[in-house]
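Everything below concerns the one structure shown next.
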Amino acid sequence: MSFPLLTATAALPAIGAIATAAVPAARRTTAKWLALLFSLATLVLAGIALARFEPGGARYQLTESHAWIKDFGVRYELGVDGIGLALMALTALLIPFVILAGWHDADPLETKSSRWRPTQGFFALILMVEAMVILSFEATDVFLFYILFEAMLIPMYFLIGGFGDRAHTGSDENAAAQRSYAAVKFLLYNLVGGLIMLAAVIGLYVVAGTFSLSEIAEARASGSLSMATSTERWLFLGFFFAFAVKAPLWPLHTWLPNAMGEATSPVAVLITAVVDKVGTFAMLRFCLQLFPEASKWATPVIVVLALISIVYGALLAVGQRDIKRLIAYASISHFGFIILGIFAMTSQGQSGATLYMVNHGISTAALMLVAGFLITRRGSRLIADYGGVQKVAPVLAGTFLIGGLATLSLPGLAPFVSEFLVLVGTFSAYPAAGIVATTGIVLAALYVLVLYQRTMTGPVKAEVQGMADLKVRELAVVLPLIALLLFLGVYPKPLTEIVNPAVQHTMSDVQKKDPQPEVEAAK
(Lines give C-alpha, C1' and ligand atoms only; values in the text may rest on other atoms or scores of the structure.)
Protein backbone atom coordinates (compact mmCIF):
# COMPACT_ATOMS: atom_id res chain seq x y z
CA MET A 1 0.00 0.00 0.00
CA SER A 2 1.40 3.42 -0.96
CA PHE A 3 1.93 6.03 1.72
CA PRO A 4 -1.39 7.84 2.45
CA LEU A 5 -0.02 11.31 1.78
CA LEU A 6 -3.35 13.15 1.85
CA THR A 7 -4.37 11.58 5.14
CA ALA A 8 -0.97 12.38 6.63
CA THR A 9 -1.19 16.02 5.52
CA ALA A 10 -4.51 16.44 7.36
CA ALA A 11 -3.64 14.20 10.31
CA LEU A 12 -0.38 15.94 11.19
CA PRO A 13 -1.94 19.24 12.32
CA ALA A 14 -4.66 17.30 14.19
CA ILE A 15 -1.94 15.39 16.07
CA GLY A 16 -0.19 18.70 16.64
CA ALA A 17 -3.36 20.16 18.09
CA ILE A 18 -3.62 17.34 20.63
CA ALA A 19 0.08 17.57 21.50
CA THR A 20 -0.08 21.36 21.89
CA ALA A 21 -3.17 21.20 24.10
CA ALA A 22 -1.42 18.63 26.33
CA VAL A 23 1.55 20.90 27.11
CA PRO A 24 1.52 21.96 30.79
CA ALA A 25 -0.03 25.38 31.42
CA ALA A 26 3.22 26.96 32.64
CA ARG A 27 5.11 26.03 29.46
CA ARG A 28 3.45 28.41 27.06
CA THR A 29 6.55 28.97 24.92
CA THR A 30 6.92 25.22 24.41
CA ALA A 31 3.32 25.06 23.18
CA LYS A 32 3.97 27.86 20.68
CA TRP A 33 7.07 26.23 19.22
CA LEU A 34 5.37 22.85 19.08
CA ALA A 35 2.43 24.30 17.14
CA LEU A 36 4.81 26.09 14.77
CA LEU A 37 6.85 22.93 14.14
CA PHE A 38 3.73 20.87 13.36
CA SER A 39 2.50 23.57 10.96
CA LEU A 40 5.87 23.62 9.18
CA ALA A 41 5.88 19.82 8.94
CA THR A 42 2.40 20.01 7.38
CA LEU A 43 3.73 22.53 4.87
CA VAL A 44 6.48 20.07 3.93
CA LEU A 45 3.91 17.33 3.27
CA ALA A 46 1.83 19.73 1.18
CA GLY A 47 4.98 20.50 -0.81
CA ILE A 48 5.54 16.78 -1.40
CA ALA A 49 1.93 16.49 -2.63
CA LEU A 50 2.58 19.36 -5.05
CA ALA A 51 5.71 17.65 -6.32
CA ARG A 52 3.94 14.31 -6.86
CA PHE A 53 0.91 15.82 -8.61
CA GLU A 54 0.86 15.46 -12.40
CA PRO A 55 -1.12 18.33 -13.98
CA GLY A 56 -1.82 16.35 -17.15
CA GLY A 57 -2.74 13.15 -15.31
CA ALA A 58 -5.96 11.81 -13.86
CA ARG A 59 -8.54 14.27 -12.58
CA TYR A 60 -8.20 13.14 -8.95
CA GLN A 61 -4.76 12.03 -7.83
CA LEU A 62 -3.11 10.72 -4.64
CA THR A 63 -6.44 9.01 -4.04
CA GLU A 64 -7.41 6.98 -0.98
CA SER A 65 -10.61 5.02 -0.47
CA HIS A 66 -11.72 3.00 2.55
CA ALA A 67 -15.09 1.80 3.80
CA TRP A 68 -16.40 3.92 6.66
CA ILE A 69 -20.15 3.51 7.32
CA LYS A 70 -21.01 0.56 5.11
CA ASP A 71 -24.75 0.50 5.84
CA PHE A 72 -25.12 4.00 4.40
CA GLY A 73 -22.53 3.76 1.65
CA VAL A 74 -20.27 6.34 3.30
CA ARG A 75 -16.60 6.03 2.45
CA TYR A 76 -13.43 7.72 3.61
CA GLU A 77 -12.52 8.82 0.10
CA LEU A 78 -9.85 11.37 -0.70
CA GLY A 79 -8.32 12.82 -3.85
CA VAL A 80 -7.12 16.16 -5.14
CA ASP A 81 -7.46 17.90 -8.46
CA GLY A 82 -5.48 21.04 -9.29
CA ILE A 83 -7.98 23.31 -7.57
CA GLY A 84 -8.10 21.35 -4.32
CA LEU A 85 -4.31 20.94 -4.32
CA ALA A 86 -3.71 24.68 -4.76
CA LEU A 87 -6.03 25.53 -1.86
CA MET A 88 -4.58 22.78 0.32
CA ALA A 89 -1.11 24.23 -0.29
CA LEU A 90 -2.41 27.75 0.46
CA THR A 91 -3.78 26.57 3.81
CA ALA A 92 -0.56 24.80 4.75
CA LEU A 93 1.42 27.89 3.72
CA LEU A 94 -0.59 30.43 5.71
CA ILE A 95 -0.90 28.60 9.04
CA PRO A 96 2.77 29.03 10.09
CA PHE A 97 2.43 32.78 9.45
CA VAL A 98 -0.82 32.86 11.41
CA ILE A 99 0.91 31.16 14.34
CA LEU A 100 3.92 33.48 14.21
CA ALA A 101 1.74 36.57 13.94
CA GLY A 102 -0.37 35.46 16.91
CA TRP A 103 2.65 34.52 19.02
CA HIS A 104 1.57 36.74 21.95
CA ASP A 105 -2.18 37.01 21.23
CA ALA A 106 -3.14 34.38 23.79
CA ASP A 107 -0.66 35.28 26.51
CA PRO A 108 -2.45 35.73 29.85
CA LEU A 109 -3.55 39.22 30.80
CA GLU A 110 -3.62 40.65 34.29
CA THR A 111 -7.39 40.83 34.19
CA LYS A 112 -10.34 38.62 34.94
CA SER A 113 -10.58 37.71 31.27
CA SER A 114 -7.13 36.06 31.35
CA ARG A 115 -8.71 32.73 32.21
CA TRP A 116 -10.21 32.69 28.70
CA ARG A 117 -6.79 32.97 27.07
CA PRO A 118 -5.04 29.63 27.50
CA THR A 119 -2.10 29.79 25.12
CA GLN A 120 -2.15 26.06 24.48
CA GLY A 121 -5.84 26.13 23.57
CA PHE A 122 -5.41 29.01 21.14
CA PHE A 123 -2.72 27.32 19.06
CA ALA A 124 -4.36 23.89 19.33
CA LEU A 125 -7.59 25.32 17.89
CA ILE A 126 -5.70 26.89 14.98
CA LEU A 127 -4.10 23.55 14.13
CA MET A 128 -7.46 21.77 14.40
CA VAL A 129 -8.99 24.23 11.93
CA GLU A 130 -6.06 23.59 9.58
CA ALA A 131 -6.62 19.82 9.75
CA MET A 132 -10.33 20.11 8.95
CA VAL A 133 -9.89 22.62 6.14
CA ILE A 134 -7.16 20.57 4.44
CA LEU A 135 -9.26 17.41 4.67
CA SER A 136 -12.27 19.25 3.22
CA PHE A 137 -10.20 20.17 0.15
CA GLU A 138 -9.26 16.49 -0.21
CA ALA A 139 -12.65 14.83 0.42
CA THR A 140 -14.35 13.25 -2.60
CA ASP A 141 -17.16 11.71 -0.55
CA VAL A 142 -20.03 14.17 -0.11
CA PHE A 143 -20.95 13.00 3.38
CA LEU A 144 -17.33 13.17 4.58
CA PHE A 145 -17.09 16.70 3.20
CA TYR A 146 -20.31 17.68 5.00
CA ILE A 147 -18.98 16.44 8.35
CA LEU A 148 -15.83 18.52 7.93
CA PHE A 149 -17.79 21.51 6.61
CA GLU A 150 -19.75 21.61 9.86
CA ALA A 151 -17.08 20.44 12.31
CA MET A 152 -14.71 23.30 11.51
CA LEU A 153 -17.29 25.71 12.94
CA ILE A 154 -16.61 24.50 16.49
CA PRO A 155 -12.93 25.53 16.83
CA MET A 156 -13.65 28.73 14.89
CA TYR A 157 -16.45 29.61 17.34
CA PHE A 158 -14.05 29.37 20.29
CA LEU A 159 -11.30 31.27 18.46
CA ILE A 160 -13.66 34.18 17.78
CA GLY A 161 -15.52 34.20 21.10
CA GLY A 162 -12.73 33.23 23.46
CA PHE A 163 -9.73 35.03 21.96
CA GLY A 164 -11.01 38.39 20.81
CA ASP A 165 -9.10 41.47 19.72
CA ARG A 166 -7.48 43.26 22.65
CA ALA A 167 -7.58 46.62 20.87
CA HIS A 168 -11.20 47.28 21.86
CA THR A 169 -12.32 50.80 22.61
CA GLY A 170 -15.00 49.83 25.15
CA SER A 171 -14.95 48.21 28.57
CA ASP A 172 -13.92 44.60 29.13
CA GLU A 173 -17.58 43.65 29.63
CA ASN A 174 -18.61 45.36 26.38
CA ALA A 175 -15.74 43.74 24.50
CA ALA A 176 -16.70 40.30 25.79
CA ALA A 177 -20.34 40.88 24.83
CA GLN A 178 -19.40 41.90 21.29
CA ARG A 179 -17.06 38.92 20.90
CA SER A 180 -19.81 36.61 22.07
CA TYR A 181 -22.29 38.21 19.67
CA ALA A 182 -19.88 37.86 16.74
CA ALA A 183 -19.11 34.22 17.58
CA VAL A 184 -22.76 33.25 17.99
CA LYS A 185 -23.74 35.04 14.77
CA PHE A 186 -20.95 33.25 12.89
CA LEU A 187 -22.08 29.91 14.29
CA LEU A 188 -25.81 30.37 13.70
CA TYR A 189 -25.47 31.59 10.12
CA ASN A 190 -23.21 28.72 9.18
CA LEU A 191 -25.24 26.13 11.10
CA VAL A 192 -28.42 27.15 9.28
CA GLY A 193 -26.61 26.84 5.97
CA GLY A 194 -25.23 23.46 7.04
CA LEU A 195 -28.63 22.12 8.06
CA ILE A 196 -30.09 23.04 4.68
CA MET A 197 -27.12 21.35 3.04
CA LEU A 198 -27.70 18.23 5.16
CA ALA A 199 -31.21 17.93 3.74
CA ALA A 200 -29.73 18.24 0.23
CA VAL A 201 -27.03 15.64 1.01
CA ILE A 202 -29.71 13.17 2.12
CA GLY A 203 -31.73 13.97 -1.00
CA LEU A 204 -28.69 13.33 -3.18
CA TYR A 205 -28.19 9.92 -1.58
CA VAL A 206 -31.84 9.02 -2.15
CA VAL A 207 -31.49 9.91 -5.83
CA ALA A 208 -27.97 8.60 -6.52
CA GLY A 209 -27.64 5.81 -3.95
CA THR A 210 -24.07 6.89 -3.13
CA PHE A 211 -22.08 9.79 -1.71
CA SER A 212 -19.01 9.16 -3.88
CA LEU A 213 -18.22 11.84 -6.46
CA SER A 214 -16.50 9.32 -8.72
CA GLU A 215 -19.43 6.89 -8.62
CA ILE A 216 -21.94 9.66 -9.32
CA ALA A 217 -19.81 10.86 -12.26
CA GLU A 218 -19.61 7.32 -13.67
CA ALA A 219 -23.37 6.86 -13.28
CA ARG A 220 -24.03 10.12 -15.12
CA ALA A 221 -21.63 9.20 -17.92
CA SER A 222 -23.22 5.78 -18.39
CA GLY A 223 -26.75 7.22 -18.29
CA SER A 224 -27.77 5.10 -15.30
CA LEU A 225 -28.33 8.21 -13.17
CA SER A 226 -30.80 10.86 -14.20
CA MET A 227 -32.40 13.51 -12.01
CA ALA A 228 -35.69 15.23 -12.61
CA THR A 229 -35.14 18.91 -13.41
CA SER A 230 -36.98 20.08 -10.31
CA THR A 231 -35.09 17.62 -8.07
CA GLU A 232 -31.72 18.72 -9.38
CA ARG A 233 -32.59 22.37 -8.87
CA TRP A 234 -33.76 21.90 -5.29
CA LEU A 235 -30.65 19.88 -4.43
CA PHE A 236 -28.43 22.51 -6.05
CA LEU A 237 -30.08 25.28 -4.01
CA GLY A 238 -29.52 23.31 -0.80
CA PHE A 239 -25.81 22.96 -1.49
CA PHE A 240 -25.35 26.45 -2.90
CA PHE A 241 -27.06 28.17 0.04
CA ALA A 242 -24.61 26.63 2.52
CA PHE A 243 -21.64 27.53 0.34
CA ALA A 244 -22.91 31.09 -0.19
CA VAL A 245 -23.10 31.58 3.59
CA LYS A 246 -19.57 30.27 4.05
CA ALA A 247 -18.13 32.27 1.13
CA PRO A 248 -19.88 34.74 2.00
CA LEU A 249 -22.16 36.09 -0.75
CA TRP A 250 -24.57 39.02 -0.39
CA PRO A 251 -27.08 39.02 1.36
CA LEU A 252 -25.72 36.20 3.56
CA HIS A 253 -22.53 38.08 4.39
CA THR A 254 -23.38 40.02 7.54
CA TRP A 255 -21.63 37.67 9.95
CA LEU A 256 -18.19 38.31 8.39
CA PRO A 257 -17.54 41.96 9.45
CA ASN A 258 -18.56 41.13 13.03
CA ALA A 259 -16.38 38.02 13.17
CA MET A 260 -13.31 39.64 11.60
CA GLY A 261 -13.70 42.80 13.63
CA GLU A 262 -13.87 41.06 16.99
CA ALA A 263 -11.33 38.28 16.32
CA THR A 264 -7.59 38.71 16.65
CA SER A 265 -5.90 39.61 13.37
CA PRO A 266 -4.42 36.10 12.86
CA VAL A 267 -7.85 34.56 13.46
CA ALA A 268 -9.37 37.09 11.05
CA VAL A 269 -6.88 35.79 8.45
CA LEU A 270 -7.92 32.25 9.32
CA ILE A 271 -11.55 33.19 8.66
CA THR A 272 -11.29 34.99 5.33
CA ALA A 273 -8.10 33.54 3.81
CA VAL A 274 -8.63 29.89 4.81
CA VAL A 275 -12.09 28.88 6.07
CA ASP A 276 -14.15 30.98 3.67
CA LYS A 277 -12.33 29.46 0.71
CA VAL A 278 -14.09 26.17 1.49
CA GLY A 279 -17.34 27.79 0.32
CA THR A 280 -16.09 28.97 -3.07
CA PHE A 281 -14.10 25.77 -3.60
CA ALA A 282 -17.22 23.69 -2.93
CA MET A 283 -19.16 25.64 -5.56
CA LEU A 284 -16.68 24.37 -8.15
CA ARG A 285 -16.31 20.83 -6.84
CA PHE A 286 -19.89 20.03 -5.82
CA CYS A 287 -22.40 22.48 -7.32
CA LEU A 288 -21.04 22.44 -10.86
CA GLN A 289 -20.01 18.79 -10.89
CA LEU A 290 -23.10 17.28 -9.23
CA PHE A 291 -25.76 19.61 -10.65
CA PRO A 292 -24.55 20.95 -14.01
CA GLU A 293 -27.98 21.78 -15.46
CA ALA A 294 -29.16 23.47 -12.27
CA SER A 295 -25.91 25.45 -12.13
CA LYS A 296 -26.58 26.85 -15.60
CA TRP A 297 -30.21 27.53 -14.66
CA ALA A 298 -29.18 29.55 -11.58
CA THR A 299 -26.30 31.40 -13.25
CA PRO A 300 -28.14 34.69 -14.10
CA VAL A 301 -29.30 35.19 -10.51
CA ILE A 302 -25.93 34.24 -9.03
CA VAL A 303 -24.12 36.62 -11.38
CA VAL A 304 -26.38 39.44 -10.16
CA LEU A 305 -25.75 38.53 -6.51
CA ALA A 306 -22.00 38.45 -7.17
CA LEU A 307 -22.13 41.90 -8.76
CA ILE A 308 -24.04 43.25 -5.76
CA SER A 309 -21.38 41.76 -3.47
CA ILE A 310 -18.61 43.42 -5.49
CA VAL A 311 -20.13 46.90 -5.48
CA TYR A 312 -21.86 46.78 -2.08
CA GLY A 313 -18.80 45.42 -0.26
CA ALA A 314 -16.54 48.02 -1.86
CA LEU A 315 -18.91 50.91 -1.08
CA LEU A 316 -19.15 49.89 2.57
CA ALA A 317 -15.37 49.53 2.74
CA VAL A 318 -15.03 53.14 1.55
CA GLY A 319 -17.18 54.34 4.44
CA GLN A 320 -15.57 52.33 7.25
CA ARG A 321 -13.89 53.93 10.28
CA ASP A 322 -12.55 50.60 11.62
CA ILE A 323 -9.46 49.17 9.88
CA LYS A 324 -10.39 45.53 10.32
CA ARG A 325 -14.00 45.99 9.25
CA LEU A 326 -12.76 47.82 6.15
CA ILE A 327 -10.67 44.77 5.23
CA ALA A 328 -13.68 42.54 5.94
CA TYR A 329 -15.93 44.45 3.55
CA ALA A 330 -13.15 44.49 0.96
CA SER A 331 -13.07 40.69 1.24
CA ILE A 332 -16.82 40.52 0.59
CA SER A 333 -16.19 42.46 -2.61
CA HIS A 334 -13.38 40.12 -3.58
CA PHE A 335 -15.48 37.03 -2.93
CA GLY A 336 -17.99 38.56 -5.33
CA PHE A 337 -15.28 38.51 -8.02
CA ILE A 338 -14.49 34.86 -7.22
CA ILE A 339 -18.12 33.75 -7.50
CA LEU A 340 -18.59 35.85 -10.65
CA GLY A 341 -15.63 34.05 -12.23
CA ILE A 342 -16.99 30.63 -11.26
CA PHE A 343 -20.45 31.22 -12.72
CA ALA A 344 -19.31 33.09 -15.81
CA MET A 345 -18.87 29.49 -17.04
CA THR A 346 -15.75 30.28 -19.05
CA SER A 347 -12.30 28.74 -18.68
CA GLN A 348 -10.71 32.17 -18.14
CA GLY A 349 -13.28 33.05 -15.48
CA GLN A 350 -12.91 29.81 -13.56
CA SER A 351 -9.11 29.83 -13.80
CA GLY A 352 -9.16 33.42 -12.58
CA ALA A 353 -11.54 32.53 -9.75
CA THR A 354 -9.27 29.73 -8.56
CA LEU A 355 -6.18 31.92 -8.76
CA TYR A 356 -8.16 34.63 -6.97
CA MET A 357 -8.83 32.24 -4.07
CA VAL A 358 -5.10 31.64 -3.68
CA ASN A 359 -3.94 35.20 -4.31
CA HIS A 360 -6.66 36.75 -2.17
CA GLY A 361 -5.57 34.48 0.66
CA ILE A 362 -1.98 35.71 0.39
CA SER A 363 -2.78 39.41 -0.10
CA THR A 364 -5.42 39.55 2.65
CA ALA A 365 -3.08 37.72 5.02
CA ALA A 366 -0.33 40.27 4.31
CA LEU A 367 -2.61 43.29 4.75
CA MET A 368 -4.50 42.02 7.79
CA LEU A 369 -1.41 40.81 9.65
CA VAL A 370 0.43 44.11 9.13
CA ALA A 371 -2.76 45.90 10.22
CA GLY A 372 -2.76 43.70 13.29
CA PHE A 373 0.82 44.70 14.13
CA LEU A 374 -0.20 48.34 13.71
CA ILE A 375 -3.30 47.97 15.89
CA THR A 376 -1.36 46.16 18.61
CA ARG A 377 1.09 49.06 18.85
CA ARG A 378 -1.54 51.78 19.06
CA GLY A 379 -4.27 49.85 20.86
CA SER A 380 -7.03 51.06 18.54
CA ARG A 381 -8.75 49.86 15.38
CA LEU A 382 -10.10 53.31 14.47
CA ILE A 383 -8.58 54.93 11.38
CA ALA A 384 -8.93 58.38 12.93
CA ASP A 385 -6.53 57.45 15.73
CA TYR A 386 -3.59 57.22 13.32
CA GLY A 387 -1.56 59.62 11.23
CA GLY A 388 2.04 60.01 10.11
CA VAL A 389 3.00 56.41 10.87
CA GLN A 390 5.34 56.23 7.87
CA LYS A 391 7.64 58.79 9.49
CA VAL A 392 8.15 56.77 12.68
CA ALA A 393 7.75 53.20 11.35
CA PRO A 394 8.67 53.26 7.64
CA VAL A 395 9.01 49.48 7.20
CA LEU A 396 5.58 48.90 8.75
CA ALA A 397 4.10 51.58 6.50
CA GLY A 398 5.84 50.19 3.42
CA THR A 399 4.63 46.62 3.95
CA PHE A 400 1.14 47.95 4.71
CA LEU A 401 1.20 49.82 1.39
CA ILE A 402 2.27 46.73 -0.58
CA GLY A 403 -0.49 44.67 1.06
CA GLY A 404 -2.98 47.40 0.19
CA LEU A 405 -1.79 47.67 -3.41
CA ALA A 406 -2.17 43.90 -3.75
CA THR A 407 -5.71 44.22 -2.41
CA LEU A 408 -6.58 46.73 -5.14
CA SER A 409 -4.99 44.36 -7.72
CA LEU A 410 -2.12 46.57 -8.87
CA PRO A 411 -0.40 45.18 -12.00
CA GLY A 412 2.75 43.31 -11.03
CA LEU A 413 1.18 41.84 -7.89
CA ALA A 414 -0.52 38.44 -7.80
CA PRO A 415 -4.22 39.45 -7.46
CA PHE A 416 -4.04 41.46 -10.70
CA VAL A 417 -3.65 38.29 -12.78
CA SER A 418 -6.66 36.73 -11.05
CA GLU A 419 -8.90 39.76 -11.41
CA PHE A 420 -7.90 40.25 -15.04
CA LEU A 421 -8.81 36.66 -15.92
CA VAL A 422 -12.13 36.91 -14.09
CA LEU A 423 -13.03 40.08 -15.97
CA VAL A 424 -11.91 38.67 -19.35
CA GLY A 425 -13.99 35.55 -18.75
CA THR A 426 -16.97 37.59 -17.63
CA PHE A 427 -16.80 40.07 -20.51
CA SER A 428 -16.78 37.24 -23.06
CA ALA A 429 -19.96 35.72 -21.62
CA TYR A 430 -21.77 38.64 -19.94
CA PRO A 431 -20.45 42.01 -21.19
CA ALA A 432 -22.84 44.06 -19.04
CA ALA A 433 -21.81 42.17 -15.91
CA GLY A 434 -18.16 42.76 -16.76
CA ILE A 435 -18.76 46.50 -17.01
CA VAL A 436 -20.46 46.61 -13.60
CA ALA A 437 -17.71 44.50 -12.03
CA THR A 438 -15.02 46.96 -13.11
CA THR A 439 -16.51 49.54 -10.75
CA GLY A 440 -15.21 47.36 -7.94
CA ILE A 441 -11.66 48.06 -9.16
CA VAL A 442 -12.19 51.82 -8.97
CA LEU A 443 -13.74 51.59 -5.50
CA ALA A 444 -10.91 49.32 -4.31
CA ALA A 445 -8.36 51.96 -5.27
CA LEU A 446 -10.41 54.51 -3.33
CA TYR A 447 -10.74 52.62 -0.04
CA VAL A 448 -7.15 51.32 -0.02
CA LEU A 449 -5.47 54.62 -0.85
CA VAL A 450 -7.68 56.62 1.51
CA LEU A 451 -6.90 54.12 4.28
CA TYR A 452 -3.17 54.48 3.67
CA GLN A 453 -3.36 58.27 3.44
CA ARG A 454 -5.27 58.66 6.71
CA THR A 455 -3.15 56.25 8.72
CA MET A 456 0.36 56.57 7.32
CA THR A 457 0.75 60.07 5.89
CA GLY A 458 0.30 63.59 7.25
CA PRO A 459 1.43 65.00 10.58
CA VAL A 460 2.59 62.52 13.19
CA LYS A 461 -0.04 62.19 15.90
CA ALA A 462 1.21 62.29 19.46
CA GLU A 463 -0.15 58.80 20.18
CA VAL A 464 2.01 57.22 17.45
CA GLN A 465 5.12 59.32 18.08
CA GLY A 466 7.04 56.51 19.75
CA MET A 467 5.66 53.64 17.67
CA ALA A 468 8.21 50.88 17.06
CA ASP A 469 8.88 49.53 13.59
CA LEU A 470 8.46 45.87 12.65
CA LYS A 471 10.55 43.40 14.63
CA VAL A 472 12.33 40.30 13.36
CA ARG A 473 9.41 37.94 14.09
CA GLU A 474 6.98 40.29 12.35
CA LEU A 475 9.26 40.67 9.34
CA ALA A 476 9.47 36.87 9.15
CA VAL A 477 5.68 36.89 8.80
CA VAL A 478 5.30 39.69 6.27
CA LEU A 479 8.29 39.49 3.91
CA PRO A 480 7.65 35.94 2.58
CA LEU A 481 4.04 36.89 1.82
CA ILE A 482 5.16 40.00 -0.06
CA ALA A 483 7.75 37.96 -1.96
CA LEU A 484 4.99 35.53 -3.02
CA LEU A 485 2.76 38.40 -4.15
CA LEU A 486 5.59 39.71 -6.33
CA PHE A 487 6.60 36.30 -7.70
CA LEU A 488 3.07 35.18 -8.62
CA GLY A 489 2.36 38.64 -9.98
CA VAL A 490 5.04 38.38 -12.64
CA TYR A 491 5.14 34.59 -13.06
CA PRO A 492 1.79 32.88 -12.35
CA LYS A 493 2.63 29.89 -14.55
CA PRO A 494 3.30 27.45 -11.66
CA LEU A 495 -0.26 27.97 -10.46
CA THR A 496 -1.97 28.06 -13.83
CA GLU A 497 -0.34 24.79 -14.91
CA ILE A 498 -1.87 23.06 -11.89
CA VAL A 499 -5.26 24.73 -12.06
CA ASN A 500 -6.11 24.81 -15.77
CA PRO A 501 -6.60 21.04 -16.34
CA ALA A 502 -9.03 20.92 -13.38
CA VAL A 503 -10.91 23.89 -14.82
CA GLN A 504 -11.26 22.08 -18.15
CA HIS A 505 -12.80 19.11 -16.33
CA THR A 506 -15.28 21.43 -14.64
CA MET A 507 -16.16 23.06 -17.96
CA SER A 508 -16.76 19.57 -19.36
CA ASP A 509 -19.05 18.76 -16.41
CA VAL A 510 -21.35 21.66 -17.26
CA GLN A 511 -20.90 21.10 -21.00
CA LYS A 512 -19.82 24.66 -21.65
CA LYS A 513 -17.33 26.02 -24.15
CA ASP A 514 -15.72 29.43 -24.24
CA PRO A 515 -17.59 31.94 -26.44
CA GLN A 516 -15.83 32.57 -29.72
CA PRO A 517 -14.81 36.21 -30.30
CA GLU A 518 -16.81 38.01 -32.96
CA VAL A 519 -14.56 39.11 -35.79
CA GLU A 520 -15.88 41.10 -38.71
CA ALA A 521 -15.14 39.59 -42.09
CA ALA A 522 -12.50 41.46 -44.09
CA LYS A 523 -13.99 43.59 -46.83
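Computed from heavy atoms alone, side chains included, the values below leave out hydrogens, waters and symmetry copies.
- The nearest pair of heavy atoms linking Leu396 to Asp469 is N-OD1, 2.9 Å.
- Although no hydrogens or angles enter the test, the distance criterion places no donor-acceptor pair under 3.5 Å between the side chain of Arg378 and the main chain of Val464.
- Below 30°, between 30° and 60°, or above 60°: for Phe137 and Phe281 the angle between ring planes is above 60°, a perpendicular geometry.
- No side-chain heavy atom of Lys391 sits under 4.5 Å from any side-chain heavy atom of Met467.
- Side chain of Glu474 to backbone of Lys471: a donor-acceptor contact under 3.5 angstrom is found.
- Note: Phe335 and His253 fail the aromatic proximity criterion, with ring centroids not under 6.0 Å apart.
- Residues Leu355 and Val417 come closest through the heavy atom pair CD1-CG1, 4.3 Å.
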Q: Could you check Val278 against Met152 for side-chain contact (heavy atoms from CB on, under 4.5 Å), going step by step and ending with a plain yes or no?
A: CA-CA 10 Å; Val278 176; Met152 69 180 68; 4.1 Å; yes
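- Under 3.5 Å, the side chains of Thr364 and Thr272 contain no donor-acceptor pair of N or O atoms.
- Separating the CZ atom in Phe400 from the OH atom in Tyr452 is a distance of 9.0 Å, to the nearest 0.5 Å.
- Using cut-offs of 30° and 60° for the angle between ring planes, the Tyr356 and Phe337 rings count as parallel.
- Under the 3.5 Å distance criterion, with hydrogens and angles disregarded, a donor-acceptor pair is assigned to the side chains of Tyr189 and Thr254.
- Ring planes of Phe286 and Phe243: tilted class, angle from 30 to 60°.
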